[in-house]
Amino acid sequence: MSDLIRISRRRLLASGGKAAVFVAATGIAPQFIRPGRAYAADALAPGMIGGPTGFEGAERYQYGADTPEGRAIEAAKALKGAGKAPAKIVLGLSDGSIGQLTQPFPAGAPSIKELWEKETGIPIEIVGLPNGQEFTKTMQDISTKGGAYDIYSTEWNRLGDLAETGGIAKLDDFVAQYKPEWDDPKTGYVDGAKGVSLLNKYRGSNYGVSLDGDFQTWVYRTDLFGDAAEQKAFKDKYGYDLAPPKTWKQHGDIAAFFQRPDKGLFGSTDLRNQGWGYTNWYQRYVSMASPNQFLFGDDGKPLINSEHGIAATNEYVESLFHHSPDAISWGWPEQYGNFAKGGAAMTCAFSNLPKFLDNAGNKDSQVTGKIGSMLPPGREIDGKLISRSVLWFSLTGMVSSQSKNQEVAYLLLQWLGSARIYAWMSANPGGYLDPFRLSDFSDPLVRQTYHAYHMDVVRETVARTVPTINYPGATAFHNALDENLMASLTKAKTAEQAMADTETEWKKIARRIGEDKLLEAIRTNKEAWPTVLDPIS
């Protein structure tokens, strides 16, 4: 999987995709350049001990001593003063996200990196990791005992695998001492303590600090859906009004209606390639029962080799007809590029698609002002609509167990992942770290960068999002599923064979890992699954 991700992202960075994304990112900035007003907050507000200055609204991101940000800064300063701080903290970070720490934003502000270094006197050395190789680089450092990093950042669901290697440090003592308040009901993680358990913990202990929000989110073309002639033609054919689909049945109808490859338009381009596509199989599968169709039973038995697993796989395969003929080789760079050209009526993507493509600064985008957001399609079960999305990729910061500076490394992560600093950082158009905290969704800068219409839908999508597998063996479990889904898409296996073979592989993986260990992780994972049921309208 990692190889395919690497190829896709590298292809983007080596091609016009990079230019499109970063032109888009750069193009957002001028909206915030208001020289005449930039000095409204050129000093800390009364009672604040730190935070950015130099732009209107900067006080929203400033903090007092008794806040997660202030405690982190004060502790780091104290360690520095006592001669216990390192010469630098080495942070491994995806190439595509570095700009959010190094590029000042908005005009007049310092960069995130500059602010930390100014306030603590402790430099940050950022080592860029090729997008998609974060886990590989982390494992190389752990297995070779290279000790090249104080902080790793890799996919959120690798916590279990990395904790089991002993390569990342348990953070419980630091969390107890410095009180990050990740579960704050107004500014913290969605679902409070459950959200913290999902994103930061493995088997009840803290091993990570979430730094991303890759909730897969649906978007559609408002110009197509709002066109009177299209609306009439659709209603004449299907007997109901054209609107963003609420069910998978409606999604199929609308995708078929807009499937016009001879005119450069595909019905829906939610991904189908190896390494990315299975997130869209997830959405179809988990919505097949109320409140969720789980992957495993409480006894650890895989549930996918079932009527629901086979039906979801058949749907997944049949829906290929309203994609590009090259769909099984498309990653998100191809998906974003096609959507920017107006090549799809609907798609499911990372939440940053409107940030980059609905952007007047992106002259390559033909869909600026033409994107709408919608909740994921679902299924009507027992008088309710079961609508589910999935969390996938989402970078998480982890302290290397080889680091000699674990306390300062944790303090940097607490500061980066805190409500005030994270909102300011995620609003920065210079990278891919996306909003996920409750405070992000209402933050003015974030809403301007990501668009208000989108942020409201993302917030509701998060409430309907299931986690991917995040326990030991996550990589092996997903690879087995992914390979069998690809076999179905290419007609090498039937849906029945694919699910049976996946079940066989999953049982082998479970035995190899230790079934008792897995049962606890499966139960913990289930606690974070959504319970939201929507009315049928």
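The figures that follow rest on heavy atoms only: side chains count, while hydrogens, waters and symmetry mates do not.
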Y202: partners by side chain to side chain donor-acceptor pair (under 3.5 Å), with sequence neighbours left out
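Side chain to side chain donor-acceptor pair (under 3.5 Å) check on Y202 returns E164.
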Test side chain to side chain donor-acceptor pair (under 3.5 Å) applied to N292 - qualifying residues, sequence neighbours left out
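Listed in chain order: R388.
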Under the rule for salt bridge (Lys or Arg N to Asp or Glu O under 4.0 Å), what residues qualify as partners of D456, not counting sequence neighbours?
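Result, salt bridge (Lys or Arg N to Asp or Glu O under 4.0 Å) vs D456: R447, R459.
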Can you sort out the partners of W218 under ring-ring contact (aromatic ring centres under 6.0 Å, His included), two or more places apart, ordered by chain and number?
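Checked W218 against ring-ring contact (aromatic ring centres under 6.0 Å, His included); matches are W248, H251.
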Looking at Q448 and L445, would you say the former's side chain and the latter's main chain have a donor-acceptor pair under 3.5 Å?
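Pair absent, no side-chain N/O of Q448 close to backbone of L445.
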Show me the donor-acceptor pairs, under 3.5 Å and distance only, between side chains in residues 254-265 and residues at least two apart or in other chains.
unit_1: Q259; atom_1: OE1; unit_2: G267; atom_2: N; d: 2.8
unit_1: Q259; atom_1: NE2; unit_2: F321; atom_2: O; d: 3.2
unit_1: Q259; atom_1: NE2; unit_2: H323; atom_2: O; d: 3.3
unit_1: R260; atom_1: NE; unit_2: F257; atom_2: O; d: 3.4
unit_1: R260; atom_1: NH1; unit_2: E230; atom_2: OE2; d: 2.9
unit_1: R260; atom_1: NH2; unit_2: E230; atom_2: OE1; d: 2.9

Taking side chain to side chain contact (heavy atoms under 4.5 Å, CB included) as the criterion, tell me which of Y61, Y422, W415 meets it with E69.
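The residue from Y61, Y422, W415 that satisfies side chain to side chain contact (heavy atoms under 4.5 Å, CB included) with E69 turns out to be W415.
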NZ/K246: more than 12 non-hydrogen atoms of other groups inside 6.0 Å
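No - once you tally the heavy atoms of other residues, nucleotides and ligands closer than 6.0 Å, there are 12 at most.
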Identify, with sequence neighbours excluded, every residue that meets side chain to side chain donor-acceptor pair (under 3.5 Å) alongside K370.
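K370 satisfies side chain to side chain donor-acceptor pair (under 3.5 Å) with no residue once adjacent residues are dropped.
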By the salt bridge (Lys or Arg N to Asp or Glu O under 4.0 Å) test, which pairs, at least two apart or in different chains, include something from residues 421-431?
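For residues 421-431, and leaving out neighbouring residues, there are no salt bridge (Lys or Arg N to Asp or Glu O under 4.0 Å) pairs at all.
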Applying ring-ring contact (aromatic ring centres under 6.0 Å, His included), can you list everything that pairs with F215, at least two apart in sequence or on another chain?
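Once residues adjacent in sequence are excluded, F215 has no partner under the ring-ring contact (aromatic ring centres under 6.0 Å, His included) criterion.
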Using salt bridge (Lys or Arg N to Asp or Glu O under 4.0 Å) as the criterion, list what pairs up with E114, not counting sequence neighbours.
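Applying salt bridge (Lys or Arg N to Asp or Glu O under 4.0 Å) to E114 gives none.
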Partner set under side chain to side chain donor-acceptor pair (under 3.5 Å) for E483, not counting sequence neighbours
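Scan of E483 (side chain to side chain donor-acceptor pair (under 3.5 Å), adjacent residues dropped) gives none.
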Using salt bridge (Lys or Arg N to Asp or Glu O under 4.0 Å) as the criterion, list what pairs up with K249, not counting sequence neighbours.
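Only D253 meet the salt bridge (Lys or Arg N to Asp or Glu O under 4.0 Å) criterion with K249.
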Suppose the criterion is salt bridge (Lys or Arg N to Asp or Glu O under 4.0 Å): which pairs have a residue in residues 422-434, not counting sequence neighbours?
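Listed by first then second residue: nothing to list.
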